[in-house]
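The structure under discussion appears below in the form of structure tokens.
Remember, it's 1-based here, ligands and their atoms both numbered in the order they're listed.
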Amino acid sequence: MRMSRYFMPILKENPKEAEIVSHRLMLRAGMIRQQSQGIYSWLPLGKRVLDKVNNIIREEQNRSGAIELSMPTLQSAELWQESGRYDAYGKEMLRIKDRQERPMLYGPTNEEMVTDIFRSYVKSYKDLPLNLYHIQLKFRDEIRPRFGTMRSREFMMKDAYSFDLTREGAEHSYKKMFAAYLRTFDRLGLRAIPMRADTGPIGGDLSHEFIILADTGESEVYSHKDFVNFDIPGVDTDFDDVAGLNAIFEKWTSVYAATSEMHDEEAFNAIPQSERLSARGIEVGHIFYFGTKYSEPMGAKVQGPDGKEHNVHMGSYGIGPTRLVPAIIEASHDENGIIWPESVAPFDAIVINMKAGDGACDTACESIYAALTKGGKDVLYDDTDDRAGTKFATADLIGVPVQIIAGPRAVANGEVEVKDRKTGARETMTIDAVINKLLG
Ligand code: P5A
């Protein structure tokens with residue numbers, strides 16, 4: 001992508017409305033724009049990161065055996081009247097009427113809709129277990145939308161829903177998602193701690209929130225420090241292995257961790273003082289087991305091996321991609337801007353032409369840009385005629401992991417400078433060497 005033809009509206013000034021660093025950096029880097037309170041457009045740079053986050057989420061959901069579908073954002077009120085949540089959900093639900101005066105709503109979550117799909121097709125235990133997910137916009141009319149897309153009214157969610165014949169089966173499904181979440185957050189460059197959590201309007205008696213530690217987080221959390229040393233389930237994890245998944249779950253739930261709603265002061269104080277962690281955190285995922293809370297009132301039954309009808313046991317599992325992007329920035333930035341983990345960086349590298357219009361610089365940059373692009377890399381080429389200082393500031397702000405800097409002096413020797421955004425380390429290399437380094 002040539003910067004001269006890209007749409008990346010960088011802000012020079014610090015936006016006044018931004019209270020936390022991720023919000024400030026997302027606005028300054030031209031990643032998002034607020035359209036009305038708590039409702040955002042994702043501009044091209046932001047959209048690239050969001051897509052990468054969603055792809056990692058999708059890969060790990062698929063690996064665990066979940067199956068993707070797509071459900072609409074608008075739902076009929078009837079389904080929610082069946083489950084009893086239409087009245088219970090309160091003012092957070094955006095209620096709309098269509099031209100026939102039929103009550104509709106912008107979905108805050110999809111338990112009812114997916115239960116309706118399930119009951120329409122699945123009739124036998126032989127078709128279980130089943131886990132259906134989608135990555136879709138939601139709307140919650142939050143009282144206090146704030147911190148940009150961290151807590152917005154319209155936001156994206158990956159929501160998965162599992163169906164099993166028995167509680168035992170449902171617990172295995174829960175553990176599959178638990179392990180998939182550990183892998184997902186790790187691939188996003190984050191260390192998420194699963195914590196016992198309150199179930200709120202979703203319901204049920206077993207629930208974990210996945211929390212990223214950050215000073216600007218909205219949740220108060222209490223845990224044992226040991227979490228930093230726990231192993232992440234490997235790529236070869238067998239999600240059908242009940243004992244194997246149990247072992248992962250037992251390990252990760254073996255030490256104390258709870259959000260303030262579930263906090264047990266006595267249990268926490270039993271941990272040696274030096275190993276206690278009392279901090280703030282960002283909830284990036286939340287999983288629930290709620291048994292037959294929806295299947296019973298909505299008549300989602302299957303025939304069991306005993307020939308009788310059974311209400312299915314369900315769970316639901318959420319991740320917030322539009323919250324994850326700012327959470328990643330909270331965890332990874334410096335005073336100059338964002339430092340993207342490679343897995344979600346909007347571009348793999350940025351080529352900075354320090355003297356656009358200079359024949360030798362242009363030729364060097366064009367050849368690097370062409371070779372890397374041909375090799376499958378996402379490259380941003382700063383071919384604008386901005387001052388070098390402005391270009392460096394922009395490159396640092398948008399956080400692309402590798403900066404390839406081509407100035408007249410180095411280029412005269414057939415060389416460029418390569419800067420690692422994270423460490424700040426600089427290295428002078430020949431043009432061929434930099435191409436090999438990135439493609440190797
Ligand atoms: C689980 C999937 C649910 O809604 N039903 C379907 C269950 N859970 S939840 O905890 O309420 O939300 C899941 C995740 O969505 C993100 N999230 C938000 N992100 C940005 N702005 C918001 N206002 C917002 N509300 C929820 C969080 O990451 C949460 O863990």
Side-chain angles (χ1 to χ4, degrees), residues 20 22-23 26 32 34 37-40 42 50 53-54 57 61 66 69 71 73 75 80 83 85 88-94 106-115 131-163 173-174 177-178 180-181 184-185 188 190 192-204 206-212 214 217-219 221 259 261-262 281-290 293-294 314-328 330:
I20 60 171
S22 56
H23 188 193
M26 287 175 80
I32 53 168
Q34 180 168 264
Q37 198 197 20
I39 300 180
Y40 287 84
W42 284 74
L50 186 59
V53 167
N54 282 338
I57 294 172
Q61 290 291 295
L69 78 174
M71 292 178 268
T73 51
Q75 306 188 19
W80 290 67
S83 74
R85 275 207 296 183
Y89 217 93
K91 289 200 157 185
E92 278 208 352
M93 182 187 275
L94 181 64
Y106 191 143
T109 176
N110 285 59
E111 279 80 6
E112 284 77 358
M113 189 173 274
V114 78
T115 304
N131 186 325
L132 299 174
Y133 78 96
H134 67 164
I135 302 177
Q136 177 63 288
L137 291 171
K138 305 280 182 278
F139 194 93
R140 291 182 185 172
D141 205 348
E142 302 264 353
I143 289 193
R144 240 153 79 79
R146 56 177 187 159
F147 301 158
T149 64
M150 188 78 91
R151 176 174 295 284
S152 50
R153 296 200 299 164
E154 189 186 58
F155 60 96
M156 196 166 271
M157 196 194 287
K158 181 290 297 178
D159 38 328
Y161 303 87
S162 66
F163 302 88
S173 294
Y174 186 92
M177 283 292 120
F178 188 95
Y181 276 32
T184 303
F185 298 126
L188 296 171
L190 296 169
I193 305 179
M195 305 203 173
R196 282 308 296 263
D198 195 19
T199 57
I202 306 294
L206 173 63
S207 174
H208 286 88
E209 281 178 11
F210 287 76
I211 305 265
I212 306 296
E218 292 189 284
S219 314
V221 298
T259 58
E261 299 96 13
M262 301 292 278
I282 302 168
E283 177 205 318
V284 288
H286 198 162
I287 61 177
F288 303 82
Y289 163 73
F290 42 71
K293 175 173 172 181
Y294 300 90
M314 292 174 57
S316 74
Y317 314 90
I319 293 184
T322 47
R323 175 177 290 179
L324 267 168
V325 174
I328 293 169
E330 289 294 327

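Under the 4.0 angstrom criterion for non-hydrogen atoms, Y161 is in contact with ligand 1. Residue E209 places no heavy atom under 4.0 Å from ligand 1.
For the residue pair Q61 and Y317, no side-chain donor N or O sits within less than 3.5 Å of a side-chain acceptor on the partner. Checked by atom type, the side-chain pair S83/E112 shows a donor-acceptor distance below 3.5 Å.
Checked against the 6.0 Å centroid criterion, the rings of Y40 and F155 do not qualify as a close aromatic pair. Here Y181 and F210 bring their ring centres to under 6.0 angstrom of each other.
With a 4.5 Å cut-off on side-chain heavy atoms, K158 and N54 do not count as touching. Inter-residue side-chain proximity for D141 and K91 is flagged as unmet; no heavy-atom pair is nearer than 4.5 Å. Counting heavy atoms from C-beta outward, F288 and M177 have side chains that stay 4.5 Å or more apart.
Atoms of ligand 1 lying under 4.0 Å from any heavy atom of R140, numbered from 1 in the order shown and given with element: 3 (C), 4 (O), 9 (S), 11 (O), 12 (O), 25 (N), 26 (C). Near G285, meaning under 4.0 Å from any of its heavy atoms, are these atoms of ligand 1: 30 (O). Close approach to R151 involves these atoms of ligand 1, each under 4.0 Å from a residue heavy atom: 21 (N). Listed by number with element, the atoms of ligand 1 under 4.0 angstrom from any heavy atom of Y317 are 1 (C), 2 (C). Ligand-side atoms of ligand 1 in range of I202: 3 (C), 4 (O), 5 (N), 7 (C), range being under 4.0 angstrom from any heavy atom. Under a 4.0 Å criterion applied to the non-hydrogen atoms of D159, ligand 1 contributes the atoms 2 (C), 6 (C).
Looking at V284 against ligand 1, only its backbone comes within 4.0 Å, counting heavy atoms. Counting heavy atoms closer than 4.0 Å to ligand 1, residue E283 contributes atoms from both its backbone and its side chain. When non-hydrogen atoms are compared, ligand 1 lies under 4.0 Å from the side chain of R323 (C-beta onward) but not from its backbone. Residue K138 does not touch ligand 1, judged by heavy-atom distances below 4.0 Å.
Protein heavy atom at the shortest distance from atom 21 (N) of ligand 1 is S152 N, 3.2 Å. Nearest non-hydrogen protein atom to atom 17 (N) of ligand 1 is F155 CE1, 3.5 Å. Annotation: atom 8 (N) of ligand 1 to nearest protein heavy atom, F288 CE1, 3.3 Å. In this structure, atom 13 (C) of ligand 1 lies nearest to the protein heavy atom M157 CE, 3.7 Å. Closest protein heavy atom to atom 20 (C) of ligand 1: M150 O, 3.4 Å.
Residue T109 has at least one nitrogen or oxygen atom sitting less than 3.5 Å from a nitrogen or oxygen atom of ligand 1, judged on distance alone. Checked against a 3.5 angstrom limit, the closest N/O atoms of N110 and ligand 1 fall outside it. Considering backbone and side-chain atoms alike, E111 places an N or O below 3.5 Å from some N or O of ligand 1. Inclusion of G318 in the set of residues having an N or O under 3.5 Å from an N or O of ligand 1 is not warranted.
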> Could you walk me through whether S219 and E283 pass the side-chain hydrogen bond (donor to acceptor under 3.5 Å, both in side chains) check?
Replying inline: CA-CA 7 Å; S219 314; E283 177 205 318; 5.3 Å; no
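Around CG of L69, the count of heavy atoms belonging to other residues, nucleotides or ligands within 6.0 Å exceeds 12.
The CD atom of E154 sits 6.0 Å away from atom CD1 of I39, with the distance rounded to the nearest 0.5 Å. In this structure, CD in E209 is found 8.5 Å from CE in M195, a value given to the nearest 0.5 Å. For the atom pair CG of N110 and OH of Y161, the computed distance is 4.0 Å after rounding to the nearest 0.5 Å.
Here atom 14 (C) of ligand 1 lies nearest to G320 when heavy atoms of G107, G203, P201, G320 are compared.
Aromatic ring orientation, F139 versus Y106: tilted (interplanar angle from 30° to 60°).
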